[in-house]
There are 2 protein chains.
Amino acid sequence: MGRWEPNARLRLVRAAIDLFAEQGYGSTTVPEIAERAALTRATFFRHFPDKREVLFAGQQVHTALLADGIAAAPRTATPVEAVAGALDALTSTFTPDQREFGPRLRAVIAGTPELQERAAFKRAGLAAATAAALRERGVPDAAACLAAEMGVHAFYRAFDRWLEAPYRETFPALARHALDELHAAAAALVSGPPSAGPGRPAP
Amino acid sequence: MGRWEPNARLRLVRAAIDLFAEQGYGSTTVPEIAERAALTRATFFRHFPDKREVLFAGQQVHTALLADGIAAAPRTATPVEAVAGALDALTSTFTPDQREFGPRLRAVIAGTPELQERAAFKRAGLAAATAAALRERGVPDAAACLAAEMGVHAFYRAFDRWLEAPYRETFPALARHALDELHAAAAALVSGPPSAGPGRPAP
DNA sequence: ACGGTCATGTGACCAAGTCTCATCACTGCC
DNA sequence: GGCAGTGATGAGACTTGGTCACATGACCGT
């Protein structure tokens with residue numbers, strides 16, 4: 001068919017983001033996206049399992065990056081240190097490109113429950129993978145889950161700040177600050193009594 | 001139409017759970033569910049916005065319960081204590097009924113990515129509402145998010161244990177134990193150096 | 001040239017979700 | 001007692017997401 005146009009996937013992604021930003025997600029049909037990318041409906045679904053996924057393609061890499069980053073941490077590192085290192089490895093891979101598409105992406109997702117759902121799922125997957133990598137290092141389950149949640153939380157928080165334009169900080173630096181912030185918050189939380197609130201013991 | 005059969009919603013939920021458990025979620029169509037409930041397709045969608053939601057009806061209450069529980073905590077309570085109280089209020093409302101449907105529900109969801117997505121979304125909403133309620137009390141954002149995440153995590157963890165049959169502990173007791181466990185894990189996490197891992201400072 | 005593979009186009013099909021209109025029971029009012 | 005209003009339902013058409021089987025044409029190695 002025609003000449004072998006490279007980057008069919010990329011063309012679909014760009015077409016989708018453009019159309020979603022112009023007309024909204026719900027008012028854009030898959031045939032429309034395919035048409036703008038000079039492709040057909042069927043080809044779209046060959047590249048993405050469903051319409052939502054076109055906006056989340058590439059996040060799969062993040063999971064691997066985070067998990068590998070945890071695994072690559074020195075043996076002596078504490079869980080939080082391992083998370084910090086992995087976060088650094090992950091955020092270092094982000095390009096100005098992604099910073100440009102970011103705002104439009106966030107806007108579309110924020111305005112579409114269907115996409116928020118997918119985003120929540122991706123985020124949960126990221127946290128689960130990170131927690132698994134930490135458990136692999138011998139970190140007990142509860143601590144692994146908590147540290148993973150802190151890491152993922154820091155990542156998204158830093159991503160938001162990275163997108164807000166006038167910052168002159170790098171993404172890795174923002175991520176580190178966010179993680180430190182959460183670490184300090186955790187310290188403040190546990191400084192109180194461990195469990196003296198209301199509630200009755202089991203009979 | 002016919003006599004005014006009460007509990008159309010409930011009949012739909014039970015029919016859906018039964019059919020999903022029998023044939024799987026993907027192999028069950030909405031008309032099938034409606035038929036078993038002696039209703040029609042259109043009526044199903046009048047009661048639930050989509051096919052997935054039939055399994056999550058009722059979780060809306062949990063959000064309100066958790067948030068109200070946080071708000072009702074005494075002024076002097078620490079964030080974690082407030083969460084503990086709210087968790088107690090929430091888990092106290094669970095009935096043996098829900099413990100019966102639980103396992104089938106979990107199984108169906110675990111085997112269906114589409115439903116895991118919805119579950120992740122609901123969970124995120126729960127955490128967000130809890131965090132908002134904590135912020136309302138003056139808890140700083142980072143701490144609120146972290147404490148909320150601990151609470152929600154403890155809730156789901158306790159729910160899983162509550163469903164595993166041979167336990168003789170009440171749901172509130174399990175929740176409290178789960179929260180204590182996470183609290184201890186957090187204390188262990190922050191006992192290390194705050195942020196001495198790899199990674200370069202911002203230029 | 002020839003056969004294989006890979007990306008794509010084509011068209012049919014199913015099920016989810018939306019919408020409009022008709023129907024019937026119950027309620028309250030005259 | 002009859003009559004309009006309300007609310008839940010049924011019926012059926014329609015759009016769209018998602019799947020599938022099959023055909024086509026370009027590239028590659030022999």
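Note on naming: letters A, B, ... go to the chains in the order of the sequence lines (proteins, then strands), and numbering restarts at 1 for each one. In what follows, every heavy atom counts, from backbone to side chain, and hydrogens, waters and symmetry copies are set aside.
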Atom [atom1] of [X] and atom [atom2] of [N]: how far apart are they, to the nearest Å?
{"X": "B:Lys51", "N": "D:dG17", "atom1": "NZ", "atom2": "P", "result": "18 Å"}
{"X": "B:Asp50", "N": "C:dA15", "atom1": "CG", "atom2": "C1'", "result": "13 Å"}
{"X": "B:Phe48", "N": "C:dT18", "atom1": "CZ", "atom2": "P", "result": "14 Å"}
{"X": "B:Ile33", "N": "C:dA16", "atom1": "CD1", "atom2": "C1'", "result": "11 Å"}
{"X": "A:Leu12", "N": "C:dT8", "atom1": "CG", "atom2": "C1'", "result": "12 Å"}
{"X": "B:His47", "N": "C:dT18", "atom1": "NE2", "atom2": "C1'", "result": "17 Å"}
{"X": "A:Arg11", "N": "C:dA7", "atom1": "CZ", "atom2": "P", "result": "14 Å"}
{"X": "B:Glu35", "N": "D:dG10", "atom1": "CD", "atom2": "C1'", "result": "14 Å"}

Using salt bridge (charged side-chain N to carboxylate O under 4.0 Å, His left out) as the criterion, list what pairs up with B:Arg135, not counting sequence neighbours. B:Asp141

Using the benzene-type ring in the case of Trp, are the ring centres of B:Phe56 and B:His62 under 6.0 Å apart? no

Just checking, any donor-acceptor pair under 3.5 angstrom between side chains of A:Arg123 and A:His153? yes

Can we say B:Lys122 and B:Glu53 salt-bridge, meaning some charged N sits less than 4.0 Å from an Asp/Glu carboxylate O? yes

Taking the six-membered ring of A:Tyr156, is NZ or CZ of A:Arg161 closer than 6.0 Å to its centre and within 45° of its axis? no

A:Ser27 near the nucleic acid: base, sugar-phosphate alone, or nothing, with a heavy-atom cut-off under 4.0 Å? nothing

Assign each of A:Thr28 and B:Ala38 the nucleotide of DNA chain D bearing its closest heavy atom; nearer the 5' end lies the nucleotide of B:Ala38

For A:Arg104, which residues count as a side-chain hydrogen bond (donor to acceptor under 3.5 Å, both in side chains) partner, sequence neighbours excluded? A:Asp18

Neighbours of DNA chain C within residues 39-46 of chain B, by heavy-atom distance under 4.0 Å: B:Arg41, B:Phe45

